2 protein chains.
Amino acid sequence: MTNGKGVKVVGASRRRAGRPRTAVLDRQRIGEAALELVDETGDFTLPELARRLGVQTGSLYHHVEGRAGVIELLREQISDQMDPTPLQQHRWDVAIAEFFRSYRAVFAAHPRVVPMLTTTTVRSPRVIAAYEKMAAQLADSGIPISRTMEILTALESFAIGSALDLAAPEVMWEIPDGVDAPHLAAALAAQETPADRAERAFEVGLTTLLDAVRAEAASAL
Amino acid sequence: MTNGKGVKVVGASRRRAGRPRTAVLDRQRIGEAALELVDETGDFTLPELARRLGVQTGSLYHHVEGRAGVIELLREQISDQMDPTPLQQHRWDVAIAEFFRSYRAVFAAHPRVVPMLTTTTVRSPRVIAAYEKMAAQLADSGIPISRTMEILTALESFAIGSALDLAAPEVMWEIPDGVDAPHLAAALAAQETPADRAERAFEVGLTTLLDAVRAEAASAL
DNA sequence: ACCTGAACACCGTTCAAGT
DNA sequence: ACCTGAACACCGTTCAAGT
């Protein structure tokens, strides 16, 4: 069973009005479908999402607070894929590096979602737990508590910015006609693929930032 | 003359159909009004923008390619406020630091625009010129050209991520009820204002990243 | 070329009716 | 409680008509 766009429609058999004996929707299914939709098309609308799920648009409102609620579900989908376990297993500096690598890796798997998740507060218990662990590790390492949020913010900002790089168009810098920029052109030509540039920029930045934290911790003890 | 929302309406005197003797709109006026609108409300719609300019919605299409075109105008407004002159006046490392400070400062003045400008290619001649100058300076400093884009990308990602921090809600991390996160709570309590945290996180990150570049340049010569 | 005025498809949200 | 079906306000885009 497919709709006009050849997309499989779940449960498209005619359903009459009234409450179904067993619920056809739940937040998990809506979240998964929304993530799929954004991965494929770069955006979503409630009607399109409902069509994929084989329900009416209004039905979504029984499970989610409108469009903003779906974005919250996208955030949950992404957060749930982050892996906080490395934080338990390594030295604090390696652990923090590993967490932010997984953070970026999840976004790399879903680049088109990134721009939708840049502005809201972090509430996900999973992610909060990861930050809790990092805060504890920084304290143990000798970093003064007044500096903890500065450091975590700098790392978070860098990770988010790097994730956005993944969502950016192929060419991040385009030299317009008539503009002379020989050094920039040469530098652009000297890079491998853009994906490679993004990856290595992230690695070098992350390592650099953590080196500095490590140095500060060492001098504090 | 005001409309229903008490907003000043420009040129609201009745204008009859047909081409006016002198154009009432131009890209500059549209861009300024759009920036104002986003600064005040956090978003814009074409009808609201047209109302502020005292014209019909459709009139905008004579100057701008729809909603996406207005976002391009916002990007131009922002780019034009960046100050590339420090790049001419200092040592390369100070110059690059100063440029990114001005980059972030412009976004700090218009935080609600940031989320709208995170995903497109940099084409602004002014910004391209700044990157050209930085590419040249990195080359002069002894950094191998294969590393230039990695370094500029890391700095750009960090600057964008830090700018997004300015657009974020007051509380960037919120510990949900029932979740235990004492170290994170203590770290959050230990910061001054969130604006202060954002500012210092940017400074510490920027300085750290550039310290590493400087060290690499020194060892390359 | 540049504006008005109106049309159109589409979206987000709400809600009565049905089980 | 949870779904359908329909309604409504609003948005982005297009276009004929007018100067």
Side-chain angles (χ1 to χ4, degrees), chain A residues 1 3-5 7 9-31 33-34 37-38 40-74 115-116 120, chain B residues 1 3-5 7 9-31 33-34 37-38 40-74 115-116 120:
Chain A
M1 187 85 197
N3 65 9
K5 292 183 182 166
V7 174
V9 171
V10 185
S13 55
R14 213 50 75 233
R15 189 165 44 227
R16 64 188 194 296
R19 182 188 186 202
R21 278 189 257 87
T22 111
V24 292
L25 283 181
D26 59 72
R27 292 172 59 85
Q28 178 64 25
R29 289 198 52 224
I30 297 173
L37 190 49
V38 175
E40 290 171 24
T41 70
D43 202 359
F44 75 92
T45 68
L46 297 186
E48 173 73 11
L49 181 56
R51 197 172 328 125
R52 292 220 177 186
L53 290 162
V55 299
Q56 295 293 315
T57 306
S59 307
L60 297 170
Y61 283 78
H62 292 284
H63 303 272
V64 161
E65 287 189 14
R67 189 183 157 81
V70 174
I71 294 181
E72 265 315 295
L73 285 187
L74 286 172
M116 307 185 146
T120 352
Chain B
M1 187 85 195
N3 66 8
K5 293 183 182 166
V7 174
V9 170
V10 185
S13 56
R14 214 47 80 233
R15 187 164 46 227
R16 66 187 193 297
R19 182 189 188 204
R21 282 190 253 86
T22 112
V24 292
L25 283 182
D26 60 72
R27 292 172 60 83
Q28 178 63 24
R29 287 198 52 225
I30 298 172
L37 190 49
V38 176
E40 290 172 23
T41 70
D43 201 359
F44 74 93
T45 68
L46 298 185
E48 171 73 11
L49 181 56
R51 196 173 327 126
R52 291 220 177 186
L53 291 161
V55 299
Q56 295 292 315
T57 307
S59 308
L60 297 170
Y61 283 77
H62 292 285
H63 303 273
V64 161
E65 287 187 14
R67 189 183 159 84
V70 174
I71 293 181
E72 264 316 296
L73 286 187
L74 286 173
M116 306 185 146
T120 351

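Note: hydrogens, waters and symmetry copies are ignored here, and every other heavy atom, side chains too, is used. Keep in mind that what you see is a predicted model, and the values were worked out from it rather than measured. Proteins come first, then strands; the chains are lettered A, B, ... in the order of their sequence lines, and each starts at number 1.
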Peer 1: Give, for atom CG of A:Leu73 and atom CD of A:Glu65, the distance between the pair rounded to the nearest 0.5 Å.
Peer 2: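 Here the rounded value is 10.5 Å.
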
Peer 1: What is the separation between atom CD1 on A:Ile71 and atom C1' on C:dG12, rounded to the nearest whole Å?
Peer 2: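 My rounded result for the distance is 12 Å.
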
Peer 1: Would the distance check show the side chain of B:Arg67 and the main-chain N or O of B:Phe44 forming a donor-acceptor pair, the cut-off being under 3.5 Å?
Peer 2: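 A pair under 3.5 Å: yes.
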
Peer 1: Does a side-chain N or O from A:Gln56 land closer than 4.0 Å to OP1 or OP2 of D:dC3, or not?
Peer 2: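 So the side chain of A:Gln56 is outside the cut-off, no N or O lying under 4.0 Å from OP1 or OP2 of D:dC3.
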
Peer 1: Evaluate the side-chain proximity of B:Asp26 to B:Arg29: yes if any heavy-atom separation is below 4.5 Å, no if none is.
Peer 2: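 Of all side-chain heavy-atom pairs linking B:Asp26 with B:Arg29, at least one is under 4.5 Å.
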
Peer 1: How do B:Gly18 and A:Thr22 order along DNA chain D: which one's closest nucleotide is nearer the 5' end?
Peer 2: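 Closer to the 5' end of DNA chain D: A:Thr22.
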
Peer 1: Expressed as a whole number of angstroms, how long is the span from B:Glu48:CD to D:dA9:P?
Peer 2: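 Roughly 19 Å, once rounded to whole Å.
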
Peer 1: Check each residue of residues 63-70 of chain A for a non-hydrogen atom within less than 4.0 Å of any atom in DNA chain C, then write out the ones that pass by number, or none.
Peer 2: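 By residue number: A:Gly66, A:Arg67.
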
Peer 1: What nucleotide among D:dT4, D:dG12, C:dG12 has an atom nearest to a side-chain atom of B:Leu46?
Peer 2: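 For B:Leu46, the side-chain atoms sit closest to D:dG12.
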
Peer 1: Distance check needed: D:dC10 C1' versus B:Phe44 CZ, whole Å only.
Peer 2: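 In whole Å, D:dC10 C1' and B:Phe44 CZ are 15 Å from each other.
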
Peer 1: D:dT4 phosphate, OP1 or OP2: any side-chain N/O from A:Ser59 under 4.0 angstrom?
Peer 2: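 A:Ser59 to D:dT4 OP1/OP2: side-chain N or O found under 4.0 Å.
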
Peer 1: Mind calculating the distance between CG (A:Leu49) and P (C:dG12) to the nearest angstrom?
Peer 2: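 One finds 10 Å between P of C:dG12 and CG of A:Leu49, rounded.
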
Peer 1: Expressed in angstrom and rounded to an integer, what is the separation of B:His62 atom NE2 from C:dA1 atom P?
Peer 2: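 In whole Å, C:dA1 P lies 11 Å from B:His62 NE2.
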
Peer 1: With nearest nucleotide decided by heavy atoms, which residue, B:Thr45 or A:Leu25, maps closer to the 5′ end of DNA chain D?
Peer 2: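 Looking at DNA chain D, the more 5' nearest nucleotide goes with A:Leu25.
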
Peer 1: What is the minimum heavy-atom distance between A:Arg52 and A:Glu40, and which atoms define it?
Peer 2: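 The pair with the smallest heavy-atom distance is NH2-OE1, 2.9 Å.
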
Peer 1: Choose from D:dG18, D:dC2, C:dT13 the nucleotide whose nearest atom is closest to any side-chain atom of B:Arg19.
Peer 2: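 Closest nucleotide among those given: D:dG18.
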
Peer 1: Say you draw a straight line from CD1 of B:Ile30 to CG of B:Leu46; how long is it, rounded to the nearest 0.5 Å?
Peer 2: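 Atom-to-atom, B:Ile30:CD1 and B:Leu46:CG are 10.0 Å apart.
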
Peer 1: Nearest to the side chain of A:Ala17 - D:dT4, C:dC2, D:dG12?
Peer 2: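 Selected nucleotide (nearest to the side chain): D:dT4.
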
Peer 1: Rounded to whole angstrom units, what separation is found between the OH atom of B:Tyr61 and the P atom of D:dG12?
Peer 2: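 After rounding, the gap between these two atoms is 7 Å.
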
Peer 1: Can you tell me the Watson-Crick or wobble partner of C:dG12, both distances under 3.5 angstrom?
Peer 2: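 Here C:dG12 is engaged in a pair, and the nucleotide opposite it is D:dC8.
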
Peer 1: Between A:Thr45, A:Val38, A:Leu49, which is the residue that forms a side chain to side chain contact (heavy atoms under 4.5 Å, CB included) with A:Val70?
Peer 2: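 Filter result, single survivor: A:Leu49.
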
Peer 1: Applying the Watson-Crick and G-U wobble criteria at under 3.5 Å, what pairs with D:dA1? Answer none if nothing qualifies.
Peer 2: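 Because both required distances fall under 3.5 Å, D:dA1 counts as paired with C:dT19.
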
Peer 1: Go through it in stages, so that I can follow the logic: the residues are A:His62 and A:Leu25, the test is side chain to side chain contact (heavy atoms under 4.5 Å, CB included), and I'd like the CA-CA distance, side-chain angles, deciding distance and then a yes or no.
Peer 2: CA-CA 9 Å; A:His62 292 284; A:Leu25 283 181; over 6 Å; no

